[in-house]
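Please read the structure below before turning to the comments.
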Amino acid sequence: MQVETRRGACAAARRAVIGALMAVLPLSACDRAPETNAGAGIGTGARAQEDARRAAEQYLSAGRLDDAKTITARLVELTPDGVAVLELHARVLLAEALTTHGESRRERLDLAARAYLAAADADASNAALQHAAGTALDQAGRLDEALARYERAASLDPSNAQYPLYLGMALRRLDRLDEAIGALDRARALEPDAAPILVARADALLALGRAEAALADSRRARTLDRADPGARIVEARSLRALGRSLEAAELLSALDERMRSNEALAQELAGALLEIDRPADAASAWEASLVADPRRWLSALGAAEAWLAAGDLIRARARLELAFELA
């Protein structure tokens, strides 16, 4: 099915290119076009550039990121102040960055963030672009700059709950807890039954030491979205803060194997089990996370500590060696 989707997208891209863009992509859209020449023949006319922009959108949808990047880079050269082109180019760069692994990933995320900043600065009154620039900066690890864009988006469009939600989560990570809760309260007022908002607010409340309020929000979120482990994680953390570790362990142990393999959930479950003196079960919780993804060094380290607490020195040493290997 995926192959057919890609073929369809390639065919649509070819139809957009044929005619006005014959000189732009002399090769088939489903062949590998040279990156250096693919956009060289784009005409200066508005129609030709719009056709090129549509073709780039098609390539982006089909996962042909090299072709999309070549076209959008050329369009940026032709219309450096064109907001739609700048935004499309930024999306292409971010998609490329998110498919990149290793040391170059951070560099490409930073490049995408700069492209989003250019688009956002070209249309400073566009709340969606300010928010998009914030998320790109966030992914590039530039949280302070991301915060400024989240604030701008929220001030430009006070009716969109996503903007104060992201603002609140950023403030939470900066430990500006009172401000975070204020932003999340605004988001909740706009969408009272949005589970992600309730989870984020519960997390901030818990960080402030308001465990009972955090428990109420997280439980409400769980009733709204039972598939999201985030609500259960914060609920269990709140229970543990209230000295109710057995309830936390029971809450998480009742989940199916797939959900218990979530590393953050496994961490919370293992912590609760250790607190009620069940170290072997805590180790098993970490082991389930490792089965889901053997590259998780934190799970290996957690398993080592739990096996050590259970008195199983052989397993503890094996997992500790794995943790050092993975870290």
Side-chain angles (χ1 to χ4, degrees), residues 98 135 138-139 161-162 164-166 168-173 177 180-181 183-184 187-188 191-276 278-306 319 323 326:
L98 294 176
T135 59
D138 210 337
Q139 291 179 88
Q162 283 290 103
L165 169 59
Y166 276 71
M169 292 190 297
L171 288 164
R172 162 67 181 94
R173 281 180 284 147
L177 299 177
I181 291 172
L184 294 167
R188 187 181 61 166
E191 292 189 21
D193 294 328
I197 294 172
L198 290 168
V199 171
R201 186 173 183 274
D203 180 59
L205 287 167
L206 187 58
L208 265 178
R210 296 170 58 185
E212 288 284 4
L215 182 60
D217 270 8
S218 58
R219 281 184 166 167
R220 173 63 178 153
R222 175 161 60 88
T223 64
L224 293 167
D225 187 356
R226 295 187 177 276
D228 182 6
R232 292 177 185 269
I233 290 169
V234 180
E235 182 179 351
R237 198 175 297 152
S238 301
L239 287 167
R240 291 176 61 197
L242 292 166
R244 296 157 61 180
S245 298
L246 177 58
E247 287 181 62
E250 290 173 342
L251 171 73
L252 300 182
S253 297
L255 298 173
D256 61 38
E257 184 177 347
R258 180 189 62 80
M259 288 191 73
R260 282 188 284 109
S261 68
N262 177 286
E263 188 172 40
L265 196 148
Q267 181 177 16
E268 204 58 45
L269 174 57
L273 289 166
L274 285 172
E275 288 169 355
I276 59 175
R278 290 167 54 183
D281 290 335
S284 295
W286 282 118
E287 294 290 350
S289 174
L290 268 177
V291 168
D293 187 347
R295 299 166 298 176
R296 293 173 172 171
W297 73 270
L298 178 62
S299 293
L301 181 60
E305 293 173 343
R319 287 306 182 221
L326 294 173

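We use all heavy atoms of the structure for the numbers below, so side chains are in, but hydrogens, waters and symmetry mates are not.
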query = Tell me the side-chain hydrogen bond (donor to acceptor under 3.5 Å, both in side chains) pairs involving residues 215-235, sequence neighbours left out?
reply =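 Output for this query lists Asp193-Arg220, Arg201-Asp217, Arg219-Glu235, Arg222-Glu235.
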key: Inter- and intrachain pairs under side-chain hydrogen bond (donor to acceptor under 3.5 Å, both in side chains), touching residues 292-304, at least two apart   =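 Matches after skipping sequence neighbours: Glu263-Ser299, Ser289-Arg296, Ser289-Ser299, Asp293-Arg295.
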Over all heavy atoms of both residues, which pair between [X] and [Y] is shortest? Give the atoms and the distance, please.
X	Y	answer
Leu290	Arg319	CD1-NE, 3.7 Å
Leu265	Leu255	CD1-CD1, 3.4 Å
Pro192	Leu198	O-CD1, 4.1 Å
Ala183	Pro164	O-CB, 3.4 Å
Arg172	Ala204	CD-CA, 3.9 Å
Leu326	Pro294	CD1-O, 3.3 Å

message = side-chain contact (heavy atoms from CB on, under 4.5 Å), that's the test. Do Val291 and Glu257 meet it? Break it down for me.
response = CA-CA 11 Å; Val291 168; Glu257 184 177 347; 5.6 Å; no
task = Apply side-chain contact (heavy atoms from CB on, under 4.5 Å) to Arg173 and Asp138, showing your working.
result = CA-CA 11 Å; Arg173 281 180 284 147; Asp138 210 337; 2.7 Å; yes
Can you tell me how far apart [atom1] ([X]) and [atom2] ([Y]) are? Round to the nearest 0.5 Å.
X	Y	atom1	atom2	answer
Ser238	Glu247	OG	CD	11.5 Å
Gln267	Asn262	CD	CG	10.0 Å
Arg244	Leu215	CZ	CG	6.0 Å
Leu177	Leu208	CG	CG	4.5 Å
Asp256	Arg260	CG	CZ	7.5 Å

query = Taking it one step at a time, do Gln139 and Leu98 satisfy side-chain contact (heavy atoms from CB on, under 4.5 Å)?
reply = CA-CA 9 Å; Gln139 291 179 88; Leu98 294 176; 3.4 Å; yes
